[in-house]
Amino acid sequence: MGAVSKPFERTDQRPPRDLPQLRLVVPESPTGAVATPQPVPTHSSTMTDTQTANSLPQHAELATPLEPTAELLEELKEASRSLETATPEAIIQWASDRFAPHLTMATAFGPEGCVILSILSRVAPATYVFNLETGYQFQQTLDLRDQIAEKYGVKVDMLKPELSVPEYEAMHGGPLYNSNPNQCCFDRKITVLRRAVEGKHAWMSGIRRDQSSDRAKISTVAWDSKFNLVKVSPLANWVKQDVWKRITDEAIPYNRLHDQGYPSVGCWPCTHAVPDGDHDERAGRWSGTQKTECGLHSLEADGSGI
Ligand code: SF4
């Protein structure tokens with residue numbers, strides 16, 4: 001076990017490449033099986049087909065927006081109740097049966113997202129999946145897109161904000177991730193997500209209740225009043241060990257930064273490795289600030305589970 005190195009400075013303009021191995025965070029299955037840590041990939045992604053949010057999703061079929069009628073809300077409540085102990089496969093199957101082709105999924109290529117993508121490839125392979133490509137993601141994260149596509153045939157669209165990172169930083173006299181991370185997340189994530197889900201009836205994400213107090217109240221199926229569509233969380237009732245057991249059992253590709261002290265991986269300026277002993281899954285995200293979420297999964301005032 002190597003010594004814990006100094007966390008990356010948030011003012012570092014370059015994503016770290018050759019990271020010292022800090023500790024093996026995961027995976028550990030209930031049987032004690034531990035995956036072998038692998039070196040961080042350093043090759044360039046072959047991804048070339050990123051898109052800006054205003055021009056997409058080109059192949060998505062637009063539908064009349066859903067309205068949160070009393071009837072629909074009651075249906076979602078009942079569905080959430082009946083799916084509470086269902087497998088992720090069953091939940092995704094239900095979502096696909098109910099909402100396809102107007103079902104979509106957002107993934108940051110976290111462990112949960114990789115598990116869902118592996119299931120989608122079997123259960124609902126036509127589902128439109130996108131990533132919010134802020135321009136600040138680690139190369140290791142971008143590389144996962146190709147690994148997932150190669151293994152499962154699932155292509156993830158990389159949706160970019162209108163302004164490139166140089167354009168955005170020039171407009172603001174420098175990066176905002178230190179001085180105003182909420183604005184940065186809004187401009188480079190929330191705005192893009194809003195456009196991506198236009199014309200969709202439901203979206204899926206990999207959040208789990210045991211990840212944070214913010215996420216502890218999520219429902220498996222609920223109305224997302226922030227983005228005005230249904231939100232499905234197929235892993236809501238899973239715990240961390242369930243995720244990593246599935247990854248280990250099925251050799252699902254995952255972000256190798258998790259082997260290097262990163263419990264959670266987001267944009268590189270706002271993600272740090274954490275010392276041994278810090279088992280908070282959201283540790284290392286926006287360290288030193290009160291911020292814990294980018295806004296995609298913040299709870300609404302009515303506790304609707306988003
Ligand atoms: Fe900006 Fe950081 Fe939010 Fe990424 S996580 S959008 S770099 S503030």
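Treat the numbers as computed from the prediction; the structure is a model and nothing was measured. First listed ligand is number 1; within each ligand, the first listed atom is number 1.
Listed by number with element, the atoms of ligand 1 under 4.0 angstrom from any heavy atom of Cys185 are 3 (Fe), 5 (S), 6 (S), 8 (S).
The pair Lys240-Asp242 fails the salt-bridge criterion, with no side-chain N (NZ, NE, NH1 or NH2) lying under 4.0 Å from an Asp/Glu carboxylate O. Arg81 and Glu84 are not joined by a salt bridge, as no carboxylate oxygen comes within less than 4.0 angstrom of a charged side-chain nitrogen. Checked for salt-bridge contact, Glu198 and Arg194 miss the test: no charged N lies under 4.0 Å from a carboxylate O. Asp210 has a carboxylate O that lies under 4.0 Å from a charged side-chain N of Arg208, or vice versa, which qualifies the two as a salt bridge.
For a distance bound of 2.8 Å, the N, O or S atoms of Cys184 include none lying that close to atom 3 (Fe) of ligand 1. Residue contact annotation: Cys267 places no N/O/S atom under 2.8 Å from atom 1 (Fe) of ligand 1.
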